[in-house]
Amino acid sequence: MISRDGLSMRLFHASMQVITSEGELEQLDVENGKLMVEIASAASAAVAASNGTIKDLFEDMARSVTRIEDHGSAVRFWSTWFDGLAEAAPNGDEADYEDLRNMFDSALDDVTRALAAGLCDVAPTDILAVACVAVSSCDDELDAFDEVADSVEEAVANDPDVVSLALSRFLRGLAQA
């Protein structure tokens with residue numbers, strides 16, 4: 001089991017991992033690198049301000065990212081991902097491994113629908129699919145965070161785009177307790 005507070009701390013670390021990767025992200029794409037930092041900052045602020053359930057936490061993150069003025073595919077990817085996580089998140093203060101698997105599967109479904117509608121790019125959607133496979137291969141939720149981070153880092157190592165690299169950094173941050 002992971003508590004809401006424990007998940008909040010992991011989400012804060014995840015956001016900070018993206019923010020501290022600003023230079024690396026900007027080397028790939030200056031404008032979108034800055035946008036990834038803005039998205040992570042919005043997500044972090046939402047985590048700090050949220051005081052509801054785990055479901056509320058992800059809904060707050062999705063709303064916060066949606067408010068970013070640039071409504072390009074990167075913003076839509078992140079807000080759709082957070083919204084998909086929220087759809088399957090428990091409406092309480094604890095999540096178990098099954099909850100986590102369901103959350104990742106729901107998020108991938110939402111992002112895949114957005115991709116089909118032309119609202120998201122292929123690369124981060126493919127990276128999210130790698131994360132879902134990694135979650136499904138684990139024994140518990142704590143192991144899943146490490147497996148997801150390792151799998152995604154390997155998937156973006158050769159030719160990352162800025163959104164996929166930011167997602168990789170975010171997922172690495174989730175592995176930090």
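No hydrogens, no waters, no symmetry mates; every other heavy atom, side chains included, goes into these values.
Across all their heavy atoms, Ala149 and Ala175 have their closest contact at CB-CB, 4.4 Å. The heavy-atom pair separating Ala88 from Ser106 by the smallest distance is CB-CB, 3.6 Å. Between Ile54 and Asp93, the shortest heavy-atom distance links the atoms CD1-C, 3.9 Å. Nearest heavy atoms, Ala134 versus Ser151: CB-OG, 3.5 Å. Minimum interatomic distance between Pro124 and Leu167 (heavy atoms only, all atoms of both residues): O-CD2, 3.9 Å. In this structure, Leu25 and Ala166 approach most closely via the heavy-atom pair CD2-N, 3.7 Å.
Between Phe170 and Phe77, the distance separating the two ring centers is not shorter than 6.0 angstrom.
In this structure the side chain of Asn32 never reaches within 4.5 angstrom of the side chain of Val163, judged on heavy atoms. You'll find the side chain of Ile127 stays beyond 4.5 Å of the side chain of Ser168, heavy atoms only. Using a 4.5 Å cut-off on side-chain heavy atoms (C-beta onward), Trp78 and Leu35 make no contact. Thr80 places none of its side-chain heavy atoms less than 4.5 Å from the side chain of Leu119. Using a 4.5 Å heavy-atom threshold, the side chains of Leu28 and Leu165 count as touching. Side-chain contact between Thr66 and Phe82: absent, with no pair of heavy atoms (C-beta onward) separated by less than 4.5 Å. Here the side chains of Ser50 and Glu59 are not in contact, with every heavy-atom distance at 4.5 Å or above.
Rounded to the nearest 0.5 angstrom, Arg101 CZ and Ser137 OG are separated by 10.0 Å. The CD atom of Glu69 sits 8.0 Å away from the CD atom of Glu38 when rounded to the nearest 0.5 Å. The distance from atom CG of Asp146 to atom CG of Leu171, rounded to the nearest 0.5 Å, is 11.5 Å. In this structure, CE in Met103 is found 11.0 Å from CD in Glu87, a value given to the nearest 0.5 Å. From Arg169, atom CZ reaches atom CD of Glu22 across 14.0 Å, with rounding to the nearest 0.5 Å. Atoms CD1 and CD1, on Ile19 and Ile39 in that order, are 11.5 Å from each other to the nearest 0.5 Å.
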Determine whether Val65 and Trp81 satisfy the following criterion, side-chain contact (heavy atoms from CB on, under 4.5 Å), listing intermediate values before the conclusion. CA-CA 10 Å; Val65 170; Trp81 182 47; over 6 Å; no
Val135 and Glu147: side-chain contact (heavy atoms from CB on, under 4.5 Å), yes or no, with the steps? CA-CA 7 Å; Val135 168; Glu147 270 305 309; over 6 Å; no
So Val47 and Met61, side-chain contact (heavy atoms from CB on, under 4.5 Å) or not? Walk me through it. CA-CA 7 Å; Val47 168; Met61 291 172 65; 3.7 Å; yes
Between Asp150 and Glu154, is a side-chain contact (heavy atoms from CB on, under 4.5 Å) present by the stated rule, with each step listed? CA-CA 6 Å; Asp150 292 345; Glu154 185 178 315; over 6 Å; no
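Applying the side chain to side chain donor-acceptor pair (under 3.5 Å) test to Gln176 and every residue at least two apart in sequence or in another chain returns His13, Gln17. Listed by chain and number, the residues in a side chain to side chain donor-acceptor pair (under 3.5 Å) with Asp109 amount to none (sequence neighbours excluded). Checked against salt bridge (Lys or Arg N to Asp or Glu O under 4.0 Å), Asp60 has the following partners two or more places apart in sequence or in another chain: Arg63. In terms of the side chain to side chain donor-acceptor pair (under 3.5 Å) criterion, Thr112 has no residue partners (sequence neighbours excluded). For Glu153, the salt bridge (Lys or Arg N to Asp or Glu O under 4.0 Å) partners are Arg172, not counting sequence neighbours. With sequence neighbours excluded, no residue satisfies side chain to side chain donor-acceptor pair (under 3.5 Å) with Asp99.
Environment of OH in Tyr97: crowded, with over 12 heavy atoms of neighbouring residues, nucleotides or ligands closer than 6.0 Å.
Cluster membership check: Val162 shares its hydrophobic cluster with Ile68, using side-chain heavy-atom separations under 4.5 Å among Ile, Leu, Val, Met, Phe, Trp and Tyr. There is a path of hydrophobic side-chain contacts, each under 4.5 Å, that joins Val75 to Leu85.
Counting only N and O atoms by type, the side chains of Ser73 and Asp121 include a donor and acceptor under 3.5 Å apart.
Not one N or O on the side chain of Lys55 forms a donor-acceptor pair closer than 3.5 Å with the backbone of Pro90. Put simply, the side chain of Ser44 never gets that close to the backbone of Ala40: no donor and acceptor are under 3.5 Å apart. A donor-acceptor pair under 3.5 Å is formed between the side chain of Ser3 and the backbone N or O of Gly6.
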